[in-house]
Amino acid sequence: MDLGPATGLTFQIAALPFRLQKGRVSTLIITSRTRRRWIIPKGRPISGLSLAEAAAQEALEEAGVVGRIGETPLGDFTYLHMDEDGAGRPTRVEVFPLHVTEHLPDWKEKHQREFEWVSLKRDAKRLDDKGLRALIDDLRQAKGKKLRKFAEGG
């Protein structure tokens with residue numbers, strides 16, 4: 001989806017996969033396929049799916065996780081998406097919470113990416129995109145309350 005010439009931005013959706021273990025929130029980060037930067041699963045909207053459902057689909061394909069996706073975004077960020085030809089394209093990304101219930105042993109892009117479960121604090125420091133890092137940092141400062149509330153059904 002192109003947001004039009006007025007903004008000059010393209011649009012993506014992303015899932016922030018997370019789990020609760022012993023009262024602690026951890027999130028799943030993955031590497032991008034080409035530049036090996038630490039990111040979260042993201043991609044373009046998918047025809048026939050809601051934005052949240054498309055984010056969940058990206059998380060399945062890129063990270064092998066399934067769970068309950070939130071229909072309301074946690075927030076958004078903007079970054080410079082690098083095309084294969086080296087051109088940069090400003091892109092806005094809406095991020096949806098994904099409470100992970102299962103991490104599959106095999107998935108579509110398993111051999112193209114690395115993954116790691118990390119704490120919110122450690123997560124933010126490793127992410128390349130400043131806007132995403134700020135969004136994660138806001139969650140960390142709130143001690144993961146939004147994610148905990150979502151995981152509990154709220």
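Quick note: residue numbers are just sequence positions, from 1. What you see below is based on every heavy atom in this structure, not just the backbone, and it leaves out hydrogens, waters and symmetry mates.
- No side-chain heavy atom of Pro97 sits under 4.5 Å from any side-chain heavy atom of Leu16.
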Output, in order, the C-alpha distance, side-chain angles, deciding distance and verdict of side-chain contact (heavy atoms from CB on, under 4.5 Å) for Glu114 and Glu116. CA-CA 7 Å; Glu114 296 174 47; Glu116 190 172 336; over 6 Å; no
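- In this pair, Trp117 and His103 present their aromatic rings perpendicular. The plane angle is above 60°, beyond the 30 to 60° band.
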Could you walk me through whether Asp138 and Lys146 pass the salt bridge (charged side-chain N to carboxylate O under 4.0 Å, His left out) check? CA-CA 10 Å; Asp138 286 348; Lys146 279 185 182 179; over 6 Å; no
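- Rounding to the nearest 0.5 Å places NE2 of His111 at 11.5 Å from CD of Glu109.
- Note that CD1 of Ile40 and CD1 of Ile30 are 8.5 Å apart. Values are rounded to the nearest 0.5 Å.
- Judged by distance alone, the side chain of Arg92 and the main-chain N or O of Thr78 form no donor-acceptor pair under 3.5 Å.
- Residues Val100 and Leu28 are not in side-chain contact: their nearest non-hydrogen atoms beyond the backbone lie 4.5 Å or more apart.
- Counting only distance, with no hydrogens or angles, the side chain of Arg133 and the backbone of Leu127 share a donor-acceptor pair below 3.5 Å.
- Taking CZ of Arg24 as the start and OG of Ser119 as the end, the distance is 8.5 Å to the nearest 0.5 Å.
- Across every non-hydrogen atom of Phe77 and Val95, the tightest pair is CE2-CG2, 3.7 Å.
- A donor-acceptor pair is defined here as one N or O able to donate and one able to accept, closer than 3.5 Å; no such pair exists between the side chain of Arg44 and the backbone of Thr10.
- Nearest heavy atom pair, residue Ala59 against residue Ala15, reads CB-CB, 3.9 Å.
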Let's go through Phe115 and Lys110 carefully: what are the C-alpha distance in whole Å and the side-chain angles of both, what is the deciding distance for side-chain contact (heavy atoms from CB on, under 4.5 Å) to 0.1 Å, and is it a yes or a no? CA-CA 9 Å; Phe115 72 91; Lys110 179 177 183 175; 5.9 Å; no
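- Looking only at side-chain heavy atoms (C-beta outward), Thr27 and Pro17 stay at 4.5 Å or farther from each other.
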Mind running side-chain contact (heavy atoms from CB on, under 4.5 Å) on Glu58 and Gln12 for me, showing each step along the way? CA-CA 11 Å; Glu58 292 295 334; Gln12 290 184 322; over 6 Å; no
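- The two residues Glu94 and Pro73 make their nearest non-hydrogen contact at OE1-CG, 3.5 Å.
- For Arg36, the CZ atom sits in a packed shell: over 12 heavy atoms of surrounding residues, nucleotides or ligands are nearer than 6.0 Å.
- Panel note: side chain Glu62, backbone Lys42; a donor-acceptor pair is recorded below 3.5 Å.
- The two residues Ala52 and Ile69 come nearest to each other via the heavy atoms O-CG1, 3.4 Å.
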Check the pair His81 / Arg89 against side-chain hydrogen bond (donor to acceptor under 3.5 Å, both in side chains), numbers first and verdict last. CA-CA 5 Å; His81 177 86; Arg89 187 171 19 118; 3.3 Å; yes
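- Using a 4.5 Å heavy-atom threshold, the side chains of Asp129 and Arg37 count as touching.
- Side-chain contact between Phe18 and Leu98: absent, with no pair of heavy atoms (C-beta onward) separated by less than 4.5 Å.
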Determine, stepwise, if the pair Phe11 / Leu51 fulfils side-chain contact (heavy atoms from CB on, under 4.5 Å). CA-CA 11 Å; Phe11 180 70; Leu51 295 177; 3.9 Å; yes
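- Follow the hydrophobic side-chain contacts under 4.5 Å out from Val66 and you never reach Trp107; the two are in separate clusters.
- The closest side-chain heavy-atom distance from Ile13 to Ile46 is not below 4.5 Å.
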Pair Thr31, Arg113 - check side-chain hydrogen bond (donor to acceptor under 3.5 Å, both in side chains), show working. CA-CA 5 Å; Thr31 56; Arg113 301 174 187 272; 5.8 Å; no
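- To the nearest 0.5 angstrom, Leu60 atom CG is 10.0 Å from Glu102 atom CD.
- A 4.5 Å side-chain heavy-atom check between Ile39 and Ile29 finds every atom pair outside the cut-off.
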